[in-house]
Amino acid sequence: MGKRITDKVTWVGKVDWELTTFHGEELSTHRGSSYNSYLIRDKKTVLIDTCWLPYDKEFVSNLKKEIDLSKIDYIVMNHNEIDHSGALVELMREIPDTPIYCTAKGESIIRGHYHKDWNFVNVKTGDTLSLGDTSLTFIEATMLHWPDTMFTYMSGENILFSNDGFGQHYASESLFNDECDTAEVYYEAEKYYCNILNPFSPMAIKKIKEILALNLPLDMICPSHGIVWRENPAQIVEKYLQWADAYQENQVTLVYDTMWQSTRLMAQAIAEGIRKVSPDTTIKLLHAGKEDKNDILTEIFKSKAFLIGSPTINNGFSFAIAGLLEMIKGLKFKKKKASAFGSYGWSGDAVKQINEHLQKAGIEVVNEGIRKLWVPDENMLAECVTFGEEFAKAL
Ligand code: FEO
């Protein structure tokens, strides 16, 4: 059912408590998610975004309880990935002539997804739509995170409908940030930024500065996932500016896979060396095969440096490490230092190959890494401690 945001704006989305992965299996969503849709009732009535395809009938059925669908004058589609446009077919079956406001790229994506010849109205930055006492202004936000993305600002209520921007995969029956566990919301917002938006950080900084320069009053940010930023909405904008600017904390993360515990022993010894040199640094050790990949990436995002460890297997590195290296490349982390380590039995290719992958991913590799034959003995582990010390000194 709908939830009141202001007298004129009602949340009409879907809270998905069951969601455990998003983008297929690419992104873990330990705390579920929501697909936020908003109904604006002024002299004109507007629906902003819909919901994910599996919930299309539920969405339209609930929307009918909120409003006679024929009273909807306009639909605004800020972004047309299927988690937001998925209910359009079901909705447009009922109101086929209702104009859909979206960017030109948005129209082509909707056409590509649903193959329907609906009444599209293309908008670009600065275009407005008067609703009576209030009005909407459209702001293209290309590649944040799709080519079609735009934000919609509602004058009068001072609300920014930001779609994926400032969102979190976070299911909550409460709608507002001031009613939720702040630490949970921020963890999910940061994980979301790292895993979805980080590759587009230069665009994020540019777009946020462009919007801030408009000096628009801002009472709320209503994203398309998770909670509404009602209490001090500028806080998440400021956080985005930090996250988008080669974010790092005083943290070093060691991510490793291990077959017979030798690479794990090396990880522990390297961590000991880092701690000796930098006792104030947060050091985390994460088993790549056991920990969630997106949580690992979020820890790397927070780190000023990281190490990747793998035993050599089949003249290369492990399956779990391979997936992470590919994701590290795609997420385009900036200004991070790294190196590699691992045990081996004969060919010992993994360390060199990992470093090569890190370099290709734009990471500064600080040394050639360290590898140890078979099970490391005390002397070998002492060398790993020294390696950790040298690594820490290079940061
Ligand atoms: Fe939430 Fe890019 O869709």
Side-chain angles (χ1 to χ4, degrees), residues 11-38 47-56 58-59 75-89 91 100-114 138-152 160-172 175 185 187-201 203-204 207-208 221-229 236 240 243-244 294 297-298 327 330-332:
W11 176 94
V12 289
K14 164 70 185 172
V15 179
D16 189 350
W17 287 94
E18 295 181 2
L19 192 78
T20 53
T21 62
F22 188 81
H23 283 157
E25 302 299 316
E26 282 295 298
L27 177 58
S28 61
T29 53
H30 305 315
R31 294 188 174 92
S33 192
S34 66
Y35 320 106
N36 296 339
S37 172
Y38 301 97
L47 181 72
I48 297 185
D49 297 328
T50 68
C51 79
W52 187 31
L53 186 59
Y55 298 107
D56 59 349
E58 181 179 332
F59 172 80
I75 296 167
V76 170
M77 292 303 303
N78 279 328
H79 166 46
N80 296 284
E81 199 163 2
I82 291 172
D83 53 327
H84 307 297
S85 62
L88 271 179
V89 172
L91 179 65
I100 298 174
Y101 284 67
C102 60
T103 60
K105 200 71 186 174
E107 176 183 341
S108 71
I109 289 172
I110 294 174
R111 286 182 183 276
H113 282 166
Y114 306 109
F138 304 108
I139 304 162
E140 291 166 276
T142 309
M143 296 316 297
L144 289 176
H145 67 126
W146 269 25
D148 65 325
T149 304
M150 68 174 185
F151 300 157
T152 298
L160 182 69
F161 296 96
S162 58
N163 199 269
D164 285 333
F166 311 117
Q168 336 87 46
H169 286 306
Y170 186 69
S172 168
L175 194 55
V185 169
Y187 180 77
E188 295 302 334
E190 186 171 10
K191 180 176 176 179
Y192 191 102
Y193 186 89
C194 163
N195 284 276
I196 293 182
L197 292 169
N198 193 65
F200 312 105
S201 288
M203 291 81 122
K207 184 55 57 179
I208 288 171
I221 296 176
C222 292
S224 60
H225 299 290
I227 54 83
V228 167
W229 298 94
I236 190 63
Y240 260 50
W243 288 340
N294 305 105
L297 291 163
T298 307
M327 295 178 95
L331 292 180
K332 296 186 167 63

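For ligands, and for the atoms within them, numbers begin at 1 and follow the listed sequence.
The minimum heavy-atom distance between Leu331 and Asn195, with the atom names listed, is CD2-O, 3.6 Å. Closest heavy-atom contact between Phe59 and Cys51: CB-SG, 3.5 Å.
Among the atoms of His145, an N, O or S atom is found under 2.8 Å from atom 2 (Fe) of ligand 1. For atom 2 (Fe) of ligand 1, the set of nearby N, O or S atoms under 2.8 Å includes one belonging to Asp164.
Nearest to atom 1 (Fe) of ligand 1, among the N, O or S atoms that His84 has, is NE2. Taking the N/O/S atoms of Glu81 in turn, the shortest distance to atom 2 (Fe) of ligand 1 belongs to OE1.
For the pair NE2 of His225 and OD2 of Asp83, the angle at atom 1 (Fe) of ligand 1 is about 80°; rounding is to 10 degrees.
Of the possible donor and acceptor atoms, none in the side chain of Lys191 sits under 3.5 Å from a partner among the backbone N and O of Leu297.
Screening Thr149, Asp49, Asp148, Asn80 for a side chain to side chain donor-acceptor pair (under 3.5 Å) involving Asn163 leaves a single residue, Asp49. The ring pair (Phe, Tyr, Trp, His ring centres under 6.0 Å) with His79 is formed by just one residue from the set Trp146, Tyr35, Phe151; it is Trp146.
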